[in-house]
2 protein chains.
Amino acid sequence: MKNKITISDIAKELGIAPATVSRALSNHPEISASTKKKVKAVAERLDYMPNKIASSLRSGKTKVIGVLIPTAEHLFFGSVIHGISNLASQHGYDVLIYQSNESEAFEKKGIDTFIGARVDGILVSISKNTTNFSHFKSVKEKNIPIAFFDRTNDDLEISSVCIDDYSGAFMATESLIKSGYKSIAHISGPQHIKAFSERIRGYKAALEQYNILFDANLIYSGDISIEAGRKGATYFLNLENKPDAIFAVEDFTALGVLKELKEREIQVPDAFGVIGFCNDLFGEHITPSLSTVDQKTVQMGEEVFHLIYELISKKGEKTNHQKRILTPTLITRESSKKS
Amino acid sequence: MKNKITISDIAKELGIAPATVSRALSNHPEISASTKKKVKAVAERLDYMPNKIASSLRSGKTKVIGVLIPTAEHLFFGSVIHGISNLASQHGYDVLIYQSNESEAFEKKGIDTFIGARVDGILVSISKNTTNFSHFKSVKEKNIPIAFFDRTNDDLEISSVCIDDYSGAFMATESLIKSGYKSIAHISGPQHIKAFSERIRGYKAALEQYNILFDANLIYSGDISIEAGRKGATYFLNLENKPDAIFAVEDFTALGVLKELKEREIQVPDAFGVIGFCNDLFGEHITPSLSTVDQKTVQMGEEVFHLIYELISKKGEKTNHQKRILTPTLITRESSKKS
DNA sequence: CTGTTAGCGCATTCAT
DNA sequence: ATGAATGCGCTAACAG
């Protein structure tokens, strides 16, 4: 049978007012220790479960944050949610999940769901295919706290957490240079995604810092797929001036590179260096193991929860949006260790 | 500014009763088409967003299901959630996520959170360390629909979806036999987890079916870690009667086996066969690629949503609990393909 | 320190 | 076909 014990049941049982029970339960300072004790005892005995719905309706706060992700089927987002969710629990917040499946229409639906559920705050990693951002603007206009993580948009003036792709790419490229590779190529991703254009920037900056002339032939435009890696590697190896190392925009791309090199019996890392980006799980276990750049997923989740938590607390006050940028970590494994 | 439009705002605007607006909005059959049209037009114009909290409080239904997982930081659970969440959206349900982090105490907290939130149903994958199951019993007693997935418990008489570990293990072992390996060993996981004991059962059954004598020396008790795989392999290779193939309880265990074999320069698959269980992402990309058994994660999520959906619909009626068992799929890759 | 009163926004009886 | 009244369970303002 469903638990139907309410605050007034407890009140009747003790011959006091429901309001007193409410206050006792929430440790209101003006309630005597003795009544608190009595109330809590009865609550315990009757197995009272506070009705959060009623409380939310009355107080206007749900203690729920909505998290909108492209898909739960990527470990990346799972890790971020791990970070968000653990911190949320600690602070008494529940986490509502919605997947956009990379569709703008579903993304809008997700936002509507969150608004309908009257969540206290919204966390979003923008869908790849979103081109119209009005749904985010309207969240902002409704004065609902919102923050982006990983997939952000600078035009909207919404707070965000992401990693420093520029410096990650810089580190990756630099590590290749320092390992002794002489000519470093880059397989890039779709440039309308900021993370990827930043990685090209970082790549170029590292070359410049070490006085290596940038060569446009050493950039191959691909995407984050194994196939792009294979094609990129093939392209570079047919060049007159072949590079001897590749910084790939993403681990799967790097994986494609490794596969292609293996088929051509080019020795990694001695004859050719490879580094990826993402620190996907498999990189540690392939042969040769893949050097890469770690994206601090769990920390990103924690950071973005802190952000929304602040936004919720300071609601009403005018605050400028802020960008938090996490510094990625270089992970050097076999694929870039020239002996 | 926050959206404060309510049904009475719409009612005033049109000079009708709030109740009529409520009915019009929910397409009540006794409302004239013309009023419905007018009401919806005004709702649209004012950007009315129904308050789900108020609706829930009134109706006693939240259209939320709580999903309790050990951790979001494993792709396995992410995939299941993917399946659950997509179907939930389709059916108008929201998904609340809680992580137990494999702790019984957090698991209890999660259940309390869900009860407090008055979710319409609860989906759980039990924590590894849970030994006392009273919190699940009390959910059942409160008549809140609940179902387990993957990590289930048969004693509680709660509906569940999991895969057929027995037949998965059978298939894995059988494929090794059919590939021509003569002596097949098994690295097992903690036996108090049913999935793992079932896998031993499937292993033994396959041996029996092919008239291979079971040898207790060919079972190594480990866990699902790379280290267990290495230790298991080491143990087997020191045996007088060495096996020539290993069925590992999990992909990471199998990975450990592969690493150990590689160090000892034992050729896989020609001199030694290996198969895992789980179909983790990395298996496809290591060398040699890992044969394994796929667990149908997304389908599991969909299936368990269907289960809870039924349970919610038939609430009140007495129904027996049911177990749905998904058939896993054998994935044959290089590590078990003897030429 | 505690009780009284009121109402959050909606859905549902019972009228008409 | 629509309106009026009621209350889901809780919290907050105001009394006292």
Side-chain angles (χ1 to χ4, degrees), chain A residues 2-40 42-43 46-64 92 94 112 115-120 142, chain B residues 2-40 42-43 46-64 92 94 112 115-120 142:
Chain A
K2 201 153 184 175
N3 198 316
K4 295 221 176 264
I5 307 299
T6 73
I7 222 167
S8 11
D9 293 325
I10 301 178
K12 270 178 215 157
E13 183 101 5
L14 288 166
I16 60 179
T20 308
V21 176
S22 170
R23 283 184 279 233
L25 254 17
S26 52
N27 262 320
H28 191 103
E30 285 180 353
I31 296 290
S32 74
S34 70
T35 11
K36 279 185 191 170
K37 207 168 179 177
K38 274 186 264 173
V39 167
K40 284 174 184 170
V42 176
L46 299 183
D47 193 22
Y48 166 73
M49 287 286 180
N51 186 326
K52 211 185 158 224
I53 303 292
S55 163
S56 296
L57 181 61
R58 180 63 241 245
S59 68
K61 296 183 179 322
T62 54
K63 292 290 230 168
V64 173
D94 296 344
D112 280 350
I115 296 177
R118 298 298 191 267
V119 299
D120 287 348
K142 287 187 171 60
Chain B
K2 199 154 188 174
N3 201 315
K4 295 224 176 258
I5 308 297
T6 72
I7 49 172
S8 9
D9 294 324
I10 301 178
K12 269 178 212 154
E13 183 100 6
L14 287 166
I16 60 179
T20 309
V21 175
S22 171
R23 284 185 276 236
L25 254 16
S26 52
N27 263 317
H28 191 104
E30 284 179 352
I31 295 289
S32 75
S34 70
T35 18
K36 277 184 190 169
K37 207 167 177 177
K38 274 186 266 176
V39 166
K40 284 175 185 172
V42 176
L46 299 183
D47 193 22
Y48 167 72
M49 287 285 180
N51 186 326
K52 212 184 156 229
I53 302 292
S55 164
S56 296
L57 181 60
R58 182 61 239 250
S59 69
K61 295 180 180 324
T62 54
K63 292 289 232 168
V64 173
D94 297 344
D112 280 350
I115 296 177
R118 298 296 191 267
V119 298
D120 288 347
K142 287 185 170 63

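In what follows, chains carry the letters A, B, and so on, assigned in the order in which the sequence lines appear, proteins first and then strands, with residues in each chain numbered from 1.
- A/P50 comes within 4.0 angstrom of sugar-phosphate atoms only, judged by non-hydrogen atoms across all strands, and of no base.
- Distances were taken from every side-chain heavy atom of B/I16 (C-beta onward) to each of C/dC10, D/dG3, D/dT11; the shortest belongs to D/dG3.
- Side chain of B/T6, nearest nucleotide from C/dC1, C/dC10, C/dC8: C/dC10.
- Proximity of B/K40 to B/N27: side-chain heavy atoms (C-beta onward) are separated by under 4.5 Å at one or more points.
- B/T35 comes within contact range of the sugar-phosphate backbone alone, with a heavy-atom separation under 4.0 Å but no base atom that close.
- Under the 3.5 Å distance criterion, the side-chain polar atoms of B/S55 are left unmatched by any main-chain donor or acceptor of B/N51.
- Taking each heavy atom of A/S56 and B/I53 in turn, the nearest pair found is CB-CG2, 3.9 Å.
- Summarising the geometry, the separation between NZ on A/K4 and P on D/dC10 is reported as 12 Å, rounded to the nearest angstrom.
- Atom CD1 of A/I7 is separated from atom C1' of C/dG3 by 14 Å (rounded to the nearest Å).
- Of the possible donor and acceptor atoms, one in the side chain of A/D120 sits under 3.5 Å from a partner among the backbone N and O of A/K63.
- When the nucleotides C/dG9, C/dT4, C/dT2 are ranked by their closest atom to the side chain of A/A17, C/dT4 comes out on top.
- For the pair A/I5 CD1 and D/dG9 P, the computed distance is 11 Å after rounding to whole Å.
- Listed candidates were C/dT2, C/dG3, D/dC10. Nearest to the side chain of A/Y48 is D/dC10.
- Closest approach to the A/S59 side chain among C/dT2, D/dC8, D/dA12 is made by D/dA12 (side chain taken as heavy atoms from C-beta onward).
- Contact detail for B/A43 and B/L25: the closest heavy-atom pair is CB-CD1, 4.3 Å.
- At a threshold of 4.0 angstrom between heavy atoms, the contacts of B/I53 with the nucleic acid are absent.
- Comparing the start and finish of the helix from C/dC1-D/dG16 to C/dT16-D/dA1, five pairs each, the helix axis swings through 30°, to the nearest 10 degrees.
- Rounded to whole Å, the distance from CG on B/L14 to P on D/dT2 is 11 Å.
- Pairing each heavy atom of B/L57 with each of A/A54, the nearest pair is CD1-CB, 3.7 Å.
- The nucleotide whose nearest atom lies closest to any side-chain atom of A/A54 is, among C/dG9, D/dG9, C/dC1, D/dG9.
- Considering only heavy atoms from C-beta on, B/R118 comes within 4.5 Å of A/M49 through its side chain.
- Between the P atom of D/dG9 and the CG atom of B/L57 lies a distance of 7 Å, rounded to the nearest Å.
- Near DNA chain D, meaning a heavy atom under 4.0 Å from it, residues 19-29 of chain A has A/A19, A/S22, A/R23 in order of number.
- The listed nucleotides are C/dG9, C/dC1, D/dG3; the one nearest the side chain of A/E30 is C/dC1.
- Going from atom NZ of B/K37 over to atom C1' of D/dA1 covers 18 Å, rounded to whole Å.
- Between B/Y48 and B/V42 the shortest side-chain heavy-atom distance does not fall below 4.5 Å.
- Contact between A/I7 and A/P18 at its shortest, heavy atoms only, is CG2-CB, 4.0 Å.
- Atom pair B/R58:CZ and C/dT13:P shows a separation of 7 Å (rounding to whole Å applied).
- To the nearest angstrom, P of C/dC10 lies 18 Å from NZ of B/K63.
- Between A/V39 and A/I16, some side-chain heavy-atom pair lies under the 4.5 Å cut-off.
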